[in-house]
Amino acid sequence: MSKVKVMDHPLIQHKIGIIRRKDTGTKDFRQMISEIAMLMCYEATREMKLIDVEIETPIIKTKVKQLKGKKLAVIPILRAGLGMVDGMLQMIPAAKIGHIGLYREPETLEAVEYYCKLPEDSHEREIFVVDPMLATGNSAVAAIELLKEKGVKKIHFMCIIAAPEGVEKMQKVHPDVDIYIGALDEKLNDHGYIVPGLGDAGDRIFGTK
Ligand SMILES: O=P(O)(O)OC[C@H]1O[C@H](OP(=O)(O)OP(=O)(O)O)[C@H](O)[C@@H]1O
Ligand SMILES: O=c1cc[nH]c(=O)[nH]1
Ligand SMILES: [Mg+2]
């Protein structure tokens, strides 16, 4: 079964309190999403594997630690996931970025794919799929299915706010994918929105409503 880690770092919790407020404007909302992603990235990469390599300092040869294998790839689910990319890149500047475009069909809440462009060597990389919201779980499940079809093996999912329904679905369909969450909320409402949540993350990041 996958690991589900709710990030309890005080800075993350404080910033989540700011993005939940309905009177937080686009500029601050966008900045907070990016800062939360950076802090979550720092925590979520804690168990990355290291190898020893020999280097020369100006004084002597010595062994240092280096991340094992290729650098990560970060895959935002469009649109709202884009808001988390800068924060991830502040921690891992060499990460490759792929994009998966999905929107929720408003009636059925099914995820509809409209775009996919991944780094060529994605199947050799550890991948972080990022999206601020995990509601029904349909979007995250579909994005990860797509990655698995393309041969990606090691996948993590990171979101800022999750509903229990989405976590349950992810664990059922993708038990091999660890999930990192900023805050685990109470439930979904009749329209599939997270309660208490923060509204529509994409609209609030891009100022489209
Ligand atoms: O778990 P789910 O029920 O699938 O809901 C979560 C999805 O809904 C939102 O995207 P939305 O469809 O609003 O697209 P947007 O990012 O373009 O606003 C959000 O960013 C997730 O991708
Ligand atoms: O509460 C929700 C649910 C899905 N997508 C959002 O942006 N917010
Ligand atoms: Mg949206």
Side-chain angles (χ1 to χ4, degrees), residues 2 4 6 15-26 28-37 40-41 74-88 97-118 127-148 155-175 177-209:
S2 65
V4 177
V6 180
K15 289 170 196 290
I16 288 176
I18 296 173
I19 56 173
R20 284 191 193 278
R21 292 168 182 250
K22 68 175 181 192
D23 52 0
T24 297
T26 304
D28 289 339
F29 189 90
R30 199 182 281 153
Q31 184 174 336
M32 286 301 122
I33 291 279
S34 180
E35 289 178 12
I36 293 165
M40 288 186 71
C41 180
V74 177
I75 317 271
I77 301 179
L78 306 181
R79 283 174 308 168
L82 284 175
M84 296 174 73
V85 172
D86 278 357
M88 298 291 291
I97 310 292
H99 295 87
I100 295 180
L102 294 172
Y103 70 87
R104 285 205 316 177
E105 207 288 310
E107 292 302 319
T108 63
L109 301 182
E110 290 303 318
V112 183
E113 185 194 332
Y114 61 89
Y115 188 76
C116 180
K117 183 78 181 174
L118 304 176
I127 303 268
F128 273 82
V129 176
V130 297
D131 190 326
M133 309 304 276
L134 178 69
T136 63
N138 289 343
S139 304
V141 161
I144 291 165
E145 245 155 40
L146 217 152
L147 291 174
K148 286 184 174 174
I155 306 172
H156 311 265
F157 179 73
M158 189 188 291
C159 63
I160 297 178
I161 311 270
E165 293 88 335
V167 175
E168 196 181 313
K169 177 153 193 180
M170 274 285 287
Q171 288 205 294
K172 193 164 159 221
V173 185
H174 296 301
V177 174
D178 289 340
I179 308 172
Y180 300 95
I181 299 170
L184 183 58
D185 277 11
E186 206 181 306
K187 60 177 182 186
L188 294 177
N189 69 14
D190 293 343
H191 305 287
Y193 276 83
I194 301 175
V195 180
L198 49 70
D200 188 299
D203 283 337
R204 296 196 65 186
I205 291 169
F206 295 106
T208 41
K209 240 183 203 163

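Start at 1 and go down the list; that is how both ligands and their atoms are numbered.
Residue contacts with ligand 1, taken as heavy atom pairs separated by less than 4.0 Å, involve Asp131 solely via side-chain atoms from C-beta onward. Neither the backbone nor the side chain of Ala201 has a heavy atom within less than 4.0 Å of ligand 1. At a 4.0 Å heavy-atom cut-off, ligand 1 does not touch Asp203 at all.
Remark: Leu198 CG to Ile33 CD1 distance equals 6.5 Å, nearest 0.5 Å. Between atom CD1 of residue Ile155 and atom CD1 of residue Ile144 there is a gap of 6.0 Å, rounded to the nearest 0.5 Å. The line from NZ of Lys169 to OG1 of Thr136 is 6.0 Å long, rounded to the nearest 0.5 Å. Rounded to the nearest 0.5 angstrom, Leu109 CG and Asn138 CG are separated by 7.0 Å.
Shown here are the side chain to side chain contact (heavy atoms under 4.5 Å, CB included) partners of Tyr193, two or more places apart in sequence or in another chain: Arg104, Asn189, His191, Asp200. In this view, Ala163 and Glu165, Leu188, Ile194 satisfy the side chain to side chain contact (heavy atoms under 4.5 Å, CB included) rule, not counting sequence neighbours.
Of the protein's non-hydrogen atoms, the one nearest atom 14 (O) of ligand 1 is Leu102 O, 4.1 Å. From the protein, the heavy atom lying nearest to atom 4 (O) of ligand 1 is Ser139 OG, 2.5 Å. Nearest protein neighbour of atom 3 (O) of ligand 1, counting heavy atoms only, is Thr136 OG1, 2.5 Å.
In this structure, atom 10 (O) of ligand 1 has its sub-4.0 angstrom surroundings free of protein heavy atoms. Protein heavy atoms are found less than 4.0 angstrom from atom 6 (C) of ligand 1.
Against a heavy-atom cut-off of under 4.0 Å, Ala80 is close to the following atoms of ligand 1: 16 (O), 20 (O). Residue Asp200 approaches ligand 1 through these ligand atoms, each under 4.0 Å from one of its heavy atoms: 13 (O), 18 (O). Listed by number with element, the atoms of ligand 1 under 4.0 Å from a non-hydrogen atom of Gly202 are 18 (O). Close contacts of ligand 1 with Gly137, meaning ligand atoms under 4.0 Å from a residue heavy atom, involve 1 (O), 2 (P), 3 (O). Heavy-atom contacts of Tyr103 reach the following atoms of ligand 1: 12 (O) (cutoff under 4.0 Å).
Contact check on Arg20 versus Asp185 returns a salt bridge, with a Lys/Arg side-chain nitrogen under 4.0 Å from an Asp/Glu carboxylate oxygen.
Nearest heavy atom pair, residue Ile19 against residue Phe29, reads O-CE1, 3.4 Å. Considering every non-hydrogen atom in both Ile77 and Ser139, the closest pair reads CD1-O, 4.0 Å.
Ring geometry, Phe128 versus His156: the interplanar angle falls under 30°, so the pair is classed parallel (tilted spans 30 to 60°).
Proximity of Pro76 to Ile97: side-chain heavy atoms (C-beta onward) are separated by under 4.5 Å at one or more points. A 4.5 Å side-chain heavy-atom check between Leu78 and Tyr103 finds every atom pair outside the cut-off. When side chains are defined from C-beta on, Val130 does not count as touching Met40, because their heavy atoms never get closer than 4.5 Å. Counting only heavy atoms from C-beta outward, the side chains of Leu147 and Ile127 approach each other to under 4.5 Å. For the pair Ile160 and Met84, the minimum side-chain heavy-atom distance is below 4.5 Å. The shortest distance between side-chain heavy atoms of Leu82 and Phe206 falls below 4.5 Å.
Inclusion of Pro132 in the set of residues having an N or O under 3.5 Å from an N or O of ligand 1 is not warranted. Considering backbone and side-chain N/O of Tyr114, none are found under 3.5 Å from N/O of ligand 1. In terms of polar-atom proximity, defined here as any N/O pair under 3.5 Å, Arg104 does make such a contact with ligand 1. Polar contact check, Leu134 against ligand 1: no nitrogen or oxygen pair lies under 3.5 Å apart.
The number of protein N/O/S atoms found under 2.8 Å from the Mg ion (ligand 3) is 2.
The closest approach between Leu109 and ligand 1 stays at or above 4.0 Å for every heavy atom of the residue.
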Give me the pairs of N or O atoms, one from ligand 2 and one from the protein, that sit under 3.5 Å apart.
unit_1, atom_1, unit_2, atom_2, d
ligand 2, 1 (O), Ile194, N, 2.8
ligand 2, 7 (O), Ala201, N, 2.8
ligand 2, 8 (N), Gly199, O, 2.8

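Nearest-heavy-atom check against atom 17 (O) of ligand 1 across Met170, Glu165, Arg79, Met133 picks out Arg79.
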